[in-house]
Amino acid sequence: MSTVTLEIRDHIGFVTLNRPEKLNSFNREMALLLQNRLDECASLHEVRAVYLTGAGRAFSAGQDLSEIVDPEGPGMEKVLIEYYNPIVTRIRNLPKPVVAAVGGVAAGAGANIALCCDIVLASKSASFIQAFSKIGLIPDSGGTWFLPRLVGWQKAAGIAMLGDKVSATEAEKMGMIYKVYEDEEFAGASRALAAVLAQMPTRALAFTKHAFNYSAGNSLEEQLILEDDLQQKAALTKDHAEGVKAFLEKRAPLYKGE
Ligand code: T3D
């Protein structure tokens with residue numbers, strides 16, 4: 001069985017981290033395969049939303065620590081450059097919404113890969129752990145960039161330095177994630193949300209994502225110019241024309257991601 005599976009249904013690319021016996025911790029094979037799966041989702045027109053999740057009781061426990069102590073293993077420098085930085089960059093640049101469906105523990109790089117997704121959903125029993133400080137490391141996979149922006153400097157510093165286990169409910173309260181669902185509702189509700197995204201005007205969502213990516217580094221003036229540029233592109237899409245036409249005809253729009 002593949003360590004990262006991709007199944008396409010109803011315009012959603014279901015990407016599943018699949019080493020449940022190791023809590024979906026990343027070894028080389030899984031990290032490179034996730035990159036390939038994300039590339040497939042980016043390039044296939046039929047995929048209009050991505051649903052990233054973990055098999056079994058974890059989203060992901062981050063780096064497979066047994067690989068790190070293996071003398072034949074990749075070593076620290078390679079792990080970031082070959083594994084995690086390309087994963088985070090791919091998720092942020094993927095021109096479609098990426099939903100992280102966190103149904104269990106997300107630790108270390110696993111937590112930060114979830115947090116770099118566009119919309120993070122969690123089951124009530126899930127948790128997020130910046131496990132790095134416990135083993136003498138710093139938050140990677142974009143953790144030092146995303147966390148302060150999501151929850152503010154103080155909360156981010158506490159969570160990163162203490163390595164606290166943050167429950168899904170706390171994470172939702174502090175704005176770290178979008179929504180928590182009761183465990184028994186989680187699978188259905190999170191897939192339903194991805195299904196809604198997959199029926200939306202995909203290119204407008206991609207432009208929105210692009211604008212968000214740049215907002216952290218841009219001045220207001222620069223951002224207004226970027227919005228103008230992207231809005232002009234959005235205005236030329238078939239989905240925009242369909243949205244306006246459907247509104248005037250008092251019917252539901254039928255978007256095609258074009
Ligand atoms: O050099 C570098 O490492 C740079 C890269 C950094 C990126 C990172 O992600 S660093 C952070 C790495 N992750 C961690 O430190 C988390 C380690 N795991 C845990 O703290 C705990 O497993 C959890 C809090 C996530 C879950 O705890 P619990 O009690 O629910 O499960 P468990 O019993 O600890 O784990 C179950 C199995 O998964 C167990 O295997 P076994 O004994 O049944 O054969 C455990 O060893 C394995 N496992 C869990 N996490 C990892 C792992 N195996 C390898 N690597 C892991 N990260």
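Both ligands and their constituent atoms are indexed starting at 1 by order of listing. Since the structure is predicted, the reported quantities are computational estimates derived from the model, not experimental observations.
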Does Arg90 pair with Asp39 as a salt bridge, N-O distance under 4.0 Å?
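Salt bridge between Arg90 and Asp39, a charged N being under 4.0 Å from a carboxylate O: yes.
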
Consider only side-chain heavy atoms of I, L, V, M, F, W and Y, link residues closer than 4.5 Å, and tell whether Leu80 and Phe26 are in one cluster.
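Yes, one cluster joins them.
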
Atom 46 (O) of ligand 1 protein-contacted, heavy-atom criterion under 4.0 angstrom:
no

Residue, atom name and distance, where the atom is the protein heavy atom closest to [atom]:
| atom | result |
| --- | --- |
| atom 4 (C) of ligand 1 | Met76 SD, 3.4 Å |
| atom 17 (C) of ligand 1 | Leu65 CD1, 4.2 Å |
| atom 5 (C) of ligand 1 | Asp140 OD2, 3.6 Å |
| atom 3 (O) of ligand 1 | Ile68 CG1, 3.5 Å |
| atom 37 (C) of ligand 1 | Glu21 O, 3.9 Å |
| atom 38 (O) of ligand 1 | Leu23 CG, 3.6 Å |

I would like to know whether Arg9 and Glu7 meet salt bridge (charged side-chain N to carboxylate O under 4.0 Å, His left out); could you show each step before the answer?
CA-CA 7 Å; Arg9 257 184 293 128; Glu7 197 190 328; 2.8 Å; yes

Judged on heavy-atom distance to [atom], which of [options] sits nearest?
| atom | options | value |
| --- | --- | --- |
| atom 40 (O) of ligand 1 | Lys165, Lys22, Arg19, Lys134 | Lys22 |
| atom 54 (C) of ligand 1 | Asp64, Val69, Asn112, Ile135 | Asp64 |
| atom 9 (O) of ligand 1 | Ser141, Ser25, Gly73, Ala109 | Ala109 |
| atom 16 (C) of ligand 1 | Pro20, Gly110, Ala61 | Ala61 |

Do the side-chain N and O atoms of Asn27 and Gln63 include a donor-acceptor pair separated by under 3.5 angstrom?
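Result is no, nothing qualifies.
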
Have a look at ligand 1 and work out which part of Phe26, if any, has a heavy atom under 4.0 Å from it: side chain, backbone, both or neither.
neither

Should Arg57 be counted as touching ligand 1, given the test is an N or O pair under 3.5 Å?
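Yes, there is a polar N/O contact under 3.5 Å.
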
Would Gln63 count as being in polar contact with ligand 1, using the rule that some N or O on each side must be under 3.5 angstrom apart?
yes

